[in-house]
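Below you'll find the structure, written out as structure tokens, and then a few comments.
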Amino acid sequence: MASLNVGNLGEYLREQRRQAQLSLRQLADAAGVSNPYLSQIERGLRKPSADILQQLAKALRISAETLYVQAGILDERDRDEVETRAAILADPSINERQKQVLLQIYESFRKENALETEPAAADAGDDAMPRTATN
């Protein structure tokens, strides 16, 4: 797990709050946290838990994964996967069986693409290694 990048998280939260046209007190109330605690988060003095980030995201009407990435809890690539899965599961136009099949296909493509990139990365690593003559 990556270390928390609290300063950037606080700046990002403040910007999101301003875009939502919420006061500090309004966001604190909506998220169920104290006004001073939210102020400390925004100033980079506190490290909020994943649960608090989720409450803040809900109050701001943004994805929790976005805040997790900002906080360094979640890698950007992980967020893309989580959001894709969430979109599939939230789609009301397909039934549960179809959702599960689609998720299985999605996962098989991810695994297949990961296997294709591993040998290329290994080959690039081999090229970077100095070669020595052996007798």
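These numbers were taken from a predicted model, which means no experiment stands behind them.
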Inset, instruction - Could you go through the side-chain contact (heavy atoms from CB on, under 4.5 Å) check for Asp29 and Asn35 one step at a time? - result: CA-CA 8 Å; Asp29 289 344; Asn35 192 40; over 6 Å; no

Inset, instruction - Evaluate the criterion side-chain contact (heavy atoms from CB on, under 4.5 Å) for residue pair Gln26 and Gln21; output intermediate values, then yes/no. - result: CA-CA 9 Å; Gln26 288 171 321; Gln21 298 181 337; over 6 Å; no

Legend entry - Hydrophobic cluster membership, Ile94 vs Ile105, 4.5 Å side-chain cutoff: no

Inset, instruction - Kindly check if the number of other-residue, nucleotide or ligand heavy atoms within 6.0 Å of CD (Gln19) is above 12? - result: yes

Legend entry - Whether Arg46 side chain and Gln40 backbone form a donor-acceptor pair below 3.5 Å: no

Inset, instruction - List the atom of Ile88, the atom of Leu103, and the distance in Å for their closest heavy-atom pair. - result: CD1-CD2, 3.8 Å

Inset, instruction - Indicate yes or no: at least one non-hydrogen side-chain atom of Pro48 is less than 4.5 angstrom from one of Tyr37. - result: yes

Legend entry - Point-to-point distance, once rounded to the nearest 0.5 Å, from OG of Ser63 to NZ of Lys58: 14.5 Å

Inset, instruction - With side-chain contact (heavy atoms from CB on, under 4.5 Å) as the test, would you mind laying out the steps for Val33 and Leu27 before giving the verdict? - result: CA-CA 8 Å; Val33 298; Leu27 178 56; over 6 Å; no

Legend entry - Chi angles and distances behind the side-chain hydrogen bond (donor to acceptor under 3.5 Å, both in side chains) call for Gln100, Gln104: CA-CA 6 Å; Gln100 292 306 313; Gln104 289 172 353; 5.6 Å; no

Legend entry - Donor-acceptor contact below 3.5 Å, side chain Arg43 vs main chain Ser39: yes

Inset, instruction - Locate the shortest heavy-atom distance separating Leu38 from Leu56; write the atom from each residue and the value. - result: CD1-CD2, 3.8 Å

Legend entry - Pairwise distance CZ(Arg97) to CG(Leu102) - rounded to 0.5 angstrom: 11.5 Å

Legend entry - Shortest non-hydrogen contact between Leu53 and Leu67, atoms and distance: O-CD1, 3.3 Å

Legend entry - Pair Asp91, Ser93: side-chain N/O donor-acceptor within cut-off below 3.5 Å: yes

Legend entry - Minimal non-hydrogen separation, Arg17 against Leu24, with atom names: NH1-N, 3.4 Å

Legend entry - Nearest heavy atoms of Asn8 and Gln70, plus distance in Å: O-OE1, 4.1 Å

Inset, instruction - Give the minimum heavy-atom separation between Glu81 and Tyr106, together with the two atoms involved. - result: CA-OH, 3.5 Å

Inset, instruction - Before accepting this row, confirm whether a basic side-chain N of the pair Lys99/Glu96 lies closer than 4.0 Å to the acidic partner's carboxylate O. - result: yes

Inset, instruction - Could you tell me whether Arg85 and Glu107 make a salt bridge, using a distance below 4.0 angstrom between a side-chain N and a carboxylate O? - result: yes

